**Q** 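A single structure is presented below for examination.
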There are 2 protein chains.
Amino acid sequence: MKARAHSDSAGRQALSVLTDRLRHGARKITGPRKAILEVLRSHSHPLTNKQVLAAMPTGQCDLATIYRAMHLLEKLGMVKRYDFADGKARFELVPQEGDSHHHHLVCMRCAHVVEIEECFSGAIERRIASRNGFKEVTHKLEFFGICPACQ
Amino acid sequence: MKARAHSDSAGRQALSVLTDRLRHGARKITGPRKAILEVLRSHSHPLTNKQVLAAMPTGQCDLATIYRAMHLLEKLGMVKRYDFADGKARFELVPQEGDSHHHHLVCMRCAHVVEIEECFSGAIERRIASRNGFKEVTHKLEFFGICPACQ
DNA sequence: ATCGCTGCAAAAATTTTGCAGGTAA
DNA sequence: TTACCTGCAAAATTTTTGCAGCGAT
């Protein structure tokens, strides 16, 4: 298996890589931002901004700062936004370049999330783009159902 | 081509069919509800509740009523909720049974929406369901890009 | 020394809820 | 009649913004 440069043993991106990406975007590396990245890094599921705050040791930063940071990280392409049909935005770290993106299977009762490895062909994406004259086409695909525990 | 029972020439569901579905759910057919269904019926794109209100002739009903009606219609499976990553819920009439569902291609700049006919195989959906022990699995797939006018 | 970032607080926007009266069935 | 619905108003959430001071570079 090929070694994963810049990733730890669990396949997560090292914090230094993340801060480098931030710095490269001409942004400052601050305590709150590092804390936010740490939280995102240690969770493999999309989190709401409130959950990010709650996951920090004792009010390490303000909720408004998290909102601002998420906007920034989203613009820099470091974070992806998800909507699970409950009116709350959730964010998750974008895998490093070359890594395939993944999708989610969400329980409609308890909101439990399972990650789905497979992603259907990019060919469909390209065909849709050219057929409609769109550029930079991406997609979001989420599955919803009832999980074993809730059945 | 096979005739479309219960649909008008544009392929939209007749209002009477919609109200029948409501009635069948042991609900009352009221002025506001008919107005809401009329608006949904005459738009082929998902609308926010505010847009639904604005599309009515002169404040025909209260915004709160629209929120309540959407919850109801969603529960009855007559309406589907969409999240286009801007924090506002949008709703669209669900096609009649047997009709294939469709997806959307949304411009990230101007929010212009194009309907996408094709839907990738339900086989993937079934495989994901059985592999994870989930029941009643559905999916939501949206494409995002930059439309011709915004490029 | 900048210029950006943060915390705090207030505001804005979206969505939910309580209640008294009205209306479909 | 009776249970459900509606409008109005207030409240609860989520998200955005202004501003003075702090801090990374």
Side-chain angles (χ1 to χ4, degrees), chain A residues 15-16 18-39 46-76 78-91 111, chain B residues 15-16 18-39 46-76 78-91 111:
Chain A
L15 183 60
S16 64
L18 295 172
T19 53
D20 280 352
R21 284 217 263 168
L22 248 191
R23 219 187 308 270
H24 195 262
R27 308 307 169 126
K28 294 182 179 174
I29 314 304
T30 64
R33 286 181 180 174
K34 272 191 283 194
I36 292 167
L37 289 172
E38 275 294 3
V39 171
L47 299 176
T48 65
N49 286 338
K50 269 197 174 170
Q51 289 174 318
V52 171
L53 178 63
M56 288 181 186
T58 321
Q60 205 163 90
C61 92
D62 192 85
L63 185 57
T65 299
I66 299 181
Y67 272 96
R68 285 187 274 228
M70 286 301 181
H71 277 279
L72 173 64
L73 294 173
E74 192 180 14
K75 193 159 59 183
L76 293 180
M78 295 175 61
V79 137
K80 191 171 172 185
R81 175 191 177 119
Y82 293 94
D83 292 287
F84 288 168
D86 66 350
K88 292 167 201 167
R90 280 158 221 265
F91 299 90
Chain B
L15 183 60
S16 64
L18 295 172
T19 53
D20 279 353
R21 283 217 263 168
L22 248 190
R23 221 185 310 268
H24 196 261
R27 308 308 168 124
K28 294 181 178 175
I29 313 305
T30 64
R33 288 181 178 174
K34 272 192 282 193
I36 291 167
L37 289 172
E38 275 294 3
V39 171
L47 298 175
T48 65
N49 285 338
K50 269 197 174 171
Q51 289 174 319
V52 170
L53 179 64
M56 288 179 184
T58 321
Q60 207 162 89
C61 91
D62 192 85
L63 185 56
T65 298
I66 299 181
Y67 273 96
R68 284 188 274 229
M70 286 302 178
H71 278 278
L72 173 64
L73 293 173
E74 192 180 14
K75 193 159 60 185
L76 293 180
M78 296 176 62
V79 137
K80 191 172 174 187
R81 175 192 176 119
Y82 293 94
D83 292 287
F84 289 168
D86 66 350
K88 293 168 200 165
R90 280 159 222 265
F91 299 89

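Here the structure is a predicted model, which is why all the values come from computation and not from measurement.
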**Q** Closer than 4.0 Å, any side-chain N/O of A:Thr30 to the OP1 or OP2 of C:dT6?
**A**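 Checking A:Thr30 against C:dT6: at least one side-chain N or O falls below 4.0 Å of OP1 or OP2.
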
**Q** Report yes if some heavy atom in the side chain of A:Lys88 is under 4.5 Å from a heavy atom in the side chain of A:Lys50; otherwise report no.
**A**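 The answer is no, as the side chains (C-beta and beyond) never meet within the 4.5 Å cut-off.
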
**Q** Between D:dA3 and B:Lys28, is there an OP1 or OP2 to side-chain N/O distance shorter than 4.0 Å?
**A**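 Negative; the distance criterion is not met.
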
**Q** Name the closest nucleotide to the B:Ala89 side chain, picking from C:dT6, C:dT17, C:dT15.
**A**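 For the B:Ala89 side chain, the nearest candidate turns out to be C:dT15.
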
**Q** When the nearest nucleotide of DNA chain C is assigned to B:Ile29 and to B:Ala64 on a heavy-atom basis, which residue is associated with the more 5' position?
**A**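 Closest to the 5' end, via its nearest nucleotide, is B:Ala64.
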
**Q** Got more than 12 heavy atoms from elsewhere within 6.0 Å of NZ, B:Lys80?
**A**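 Yes, enclosed.
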
**Q** Between A:Lys50 (NZ) and D:dT13 (P), how many Å, whole number?
**A**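 It works out to 7 Å between those atoms.
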
**Q** Could you tell me whether the phosphate oxygens of C:dA25, OP1 or OP2, come under 4.0 Å of any side-chain nitrogen or oxygen in B:Arg23?
**A**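 Checking C:dA25 against B:Arg23, a side-chain N or O does come within under 4.0 Å of OP1 or OP2.
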
**Q** Between atom CE in B:Met70 and atom P in D:dT6, what is the gap in whole Å?
**A**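 These atoms are roughly 12 Å apart.
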
**Q** Has B:Tyr67 got a side-chain N or O lying under 4.0 Å from the OP1 or OP2 atom of C:dT15?
**A**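 For C:dT15, OP1/OP2 do have a side-chain N/O of B:Tyr67 under 4.0 Å.
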
**Q** Nearest to the side chain of B:Arg33 - D:dT6, D:dG7, C:dA25?
**A**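 Nearest listed nucleotide: D:dT6.
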
**Q** If you find the nucleotide of DNA chain D closest to A:Arg27 and the one closest to A:Asn49, which residue's nucleotide is nearer the 5' end?
**A**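 Looking at the nearest nucleotide for each, A:Asn49 comes out on the 5' side.
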
**Q** Please tell me if the side chains of B:Asn49 and B:Phe91 come closer than 4.5 Å, counting only heavy atoms from C-beta onward.
**A**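 In short, these two side chains touch, coming nearer than 4.5 Å.
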
**Q** Just how far, in rounded Å, is P of C:dA20 from CG of B:Asp62?
**A**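 To the nearest whole Å, that distance equals 18 Å.
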
**Q** Rounded off to whole Å, could you give me the NZ-to-P distance for the A:Lys75 and C:dC5 pair?
**A**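 Nearest whole value for this atom pair: 10 Å.
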
**Q** Look only at the side chain of A:Thr19 and the backbone of A:Leu15, and say whether a donor-acceptor pair between them is shorter than 3.5 Å.
**A**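 Such a contact is found between A:Thr19 side chain and A:Leu15 backbone.
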
**Q** Can you tell me the distance, in whole Å, between the CG atom of A:Leu53 and the C1' atom of D:dT13?
**A**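 These atoms are roughly 15 Å apart.
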
**Q** When you measure from the side chain of B:Arg81 to the backbone N and O of B:Glu74, does any donor-acceptor pair fall under 3.5 Å?
**A**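 Not a single qualifying donor-acceptor pair exists.
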
**Q** Tell me the interatomic distance from A:His71, atom NE2, to C:dG4, atom P, rounded to whole angstroms.
**A**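 That distance rounds to 19 Å.
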
**Q** Between the base of C:dG4 and the side chain of A:Arg68, is one N or O donor paired with an acceptor at under 3.5 angstrom?
**A**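 Check fails, no donor-acceptor contact within cut-off.
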
**Q** What is the distance, to the nearest angstrom, from the CG atom on A:Asp83 to the P atom on C:dT14?
**A**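 In whole Å, C:dT14 P lies 14 Å from A:Asp83 CG.
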
**Q** To the nearest Å, how far apart are A:Asp86 CG and C:dT16 P?
**A**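 The distance from CG of A:Asp86 to P of C:dT16 comes to 10 Å, rounded to the nearest Å.
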
